[in-house]
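Just below is one structure, and these are the notes that go with it.
Since we're looking at a predicted model, the values are computed, not measured.
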Amino acid sequence: MNFLGYVRPDGKVGIRNYLLVVSNGSGGGALASIIASHITGAKCFVPPTEFGREANDRKTLTRTVTGLAANPNVGAVLVVGVKPDSGYPELSYQALVEPILDQDKPTDTVFIDACGGFHAAIGEGIRKARILARKASRAVRESVDFGRLSVGVKCGYSDPSSGMAGNLVVGDLVDRLVDAGGTALFSETTEVIGAEHLVAKRFIDPVQRRKFLDAVAATEETAKSMGQDIRSINPVPANIEAGITTLEEKSLGAVSKGGTRPIMGCLDYAEIPQGPGAYFVDSWMATVTLFLGFAAAGTVLNIFQVGGGWFPPSDAMMPGHNIGIVAPTMYMTGNPHTYPKAENDMDFDASGLISRKESPAEVGLELCDHVVALASGMLTKVETLNIQDQLEVYMRGPVL
Amino acid sequence: MERSLLKRSKIVTKFISSRRAFTVARCCSKMRTRKTMKNLVVKSDKDNVGNALEDILAGDEVQWEKEGLKGRLTALDNIPFGFKVALKDIARGMEVFCYGEVVGHTSQPVRAGECVHVHNVVGKRGNADNAGGRQ
């Protein structure tokens with residue numbers, strides 16, 4: 001099975017071809033936004049503020065910026081800011097800007113101080129961005145194997161159909177992709193509680209397995225240490241209204257989206273895996289953060305499997321449109337009642353498992369065909385909306 | 001003669017003979033209370049709950065099959081699509097099995113055919129008053 005993708009100099013394959021305008025700290029945000037808004041095919045990322053954050057969180061910010069710049073869907077990068085060194089060591093020129101410039105793709109920089117001021121930097125930035133956009137446009141698609149893809153998967157608005165149908169189909173796709181030599185990331189640490197033993201036994205490296213189990217235990221301890229009952233936090237109201245009763249039940253339905261193949265490692269948020277295979281990412285599950293983290297880890301397409309029992313009866317709006325910034329989002333469901341009420345935003349209907357007693361393998365193959373079409377250039381439904389959702393980087397520390 | 005049947009037959013009498021009206025009314029009444037066979041999915045032979053594959057009304061007969069194991073019961077509650085129904089009686093404090101794994105325990109006695117949800121089941125994990133399940 002092949003698709004038409006952009007083969008980058010590092011061998012990774014993109015399914016889109018963007019100019020990414022990124023700031024080296026929150027201070028360059030306005031400059032980045034203004035430049036990007038004037039350039040055809042440009043995407044923009046401004047990290048949340050680094051000020052008052054502890055060191056690990058600052059490293060996370062840098063990983064997110066450099067990871068997005070390295071994503072195979074990015075054909076060229078413009079890094080902007082007030083100064084080349086934005087202040088903290090983790091966001092220094094050496095730590096953040098150089099790794100981006102060292103990549104084998106067209107890159108450039110614009111700093112306000114060196115330009116002689118904000119408005120001069122706007123002009124210089126637009127000039128440079130236009131050159132980069134044209135360089136990026138030289139890339140052409142070529143036929144490559146399905147296994148060259150890296151995909152991130154998440155489930156949300158879960159109802160019992162998620163565990164009965166939707167996630168099983170996603171798991172089948174993940175298995176096919178991993179078998180073909182590809183990469184698949186799944187996550188949502190809180191929603192593994194109750195099912196972690198099923199995930200743990202798939203790890204091939206005992207150190208990584210321990211890291212995973214410690215991450216799950218730490219999440220459970222955090223809930224208890226707050227003195228708050230996790231039952232008041234997760235499952236979320238949408239799950240309960242649709243029939244999911246306990247966190248364990250939700251988790252058991254959720255983990256099937258990660259497939260069945262060996263898990264190569266437990267990654268941190270926005271950490272790029274070193275090789276192909278299935279990976280677990282230790283992260284908060286929220287829509288506004290997870291797909292950004294996946295894209296920074298190199299996924300070129302993100303799949304959001306929803307239950308949707310909670311959705312309104314018609315024209316349901318999906319919870320995020322361009323939440324991976326450079327990686328498009330595809331929505332699907334296994335609930336036979338959901339696709340008809342969400343057709344404007346939803347790409348794939350996997351409910352045949354329930355309504356026509358089809359097998360996960362049959363529907364999984366159809367999903368593969370759909371993924372191949374998206375990879376070759378078909379837009380996802382939510383990709384057609386030209387908005388940038390407000391996103392969060394997953395940071396755990398306090399602000400001081 | 002049942003009161004509602006009598007009332008319905010009185011209304012219909014305006015248009016047809018009283019005997020015919022009574023027969024029609026009795027047929028309508030039977031159609032409304034006729035038991036419908038509905039389907040559940042049971043994910044493991046260890047499970048003591050199943051998920052409704054369609055909306056179930058109290059009084060409906062429900063059936064399921066899992067790897068040759070068949071079962072049938074009468075729903076005692078309305079069970080919306082996807083919600084769980086107890087396959088057998090479960091005493092208070094006993095474990096609820098779904099996907100072949102423990103998903104919680106009952107907070108009150110549950111009868112076969114009752115809806116199983118937050119009003120009669122609580123989860124064990126992550127709760128401030130429970131020991132964790134660290135593997």
> Is the ring centre of Phe348(A) less than 6.0 Å from the ring centre of Tyr331(A)?
Replying inline: no
>> Between Leu198(A) and chain B, with a heavy-atom cut-off of 4.5 Å, which part of the residue counts as in contact: side chain, backbone, both or neither?
In response: side chain
> Can you say whether the rings of Phe311(A) and Tyr157(A) are parallel (under 30°), tilted (30 to 60°) or perpendicular (over 60°)?
Replying inline: tilted
>> Taking every non-hydrogen pair under 4.5 Å, which of Gly253(A), Ser161(A), Ser251(A) racks up the most with chain B?
In response: Gly253(A)
> Heavy-atom distance under 4.5 Å to chain B: side chain of Ala200(A), backbone, both or neither?
Replying inline: neither
> Taking Thr246(A), Ile354(A), Thr245(A), Val216(A) one by one, which has the highest count of heavy-atom pairs under 4.5 Å against chain B?
Replying inline: Thr245(A)
> In terms of ring plane angle, is the pair Tyr394(A) and Trp284(A) parallel, tilted or perpendicular, where the classes change at 30° and 60°?
Replying inline: tilted
> Is it the backbone or the side chain of Val116(B) that comes under 4.5 Å from a heavy atom of chain A, or both, or neither?
Replying inline: backbone
> chain A heavy atoms under 4.5 Å from Val41(B): which part of the residue, side chain, backbone, both or neither?
Replying inline: side chain
> With Phe280(A), which of Phe212(A), Phe203(A), Tyr269(A) fulfils ring-ring contact (aromatic ring centres under 6.0 Å, His included)?
Replying inline: Phe212(A)
> So, Asn335(A) side chain and His337(A) main chain: donor-acceptor pair closer than 3.5 Å or not?
Replying inline: yes
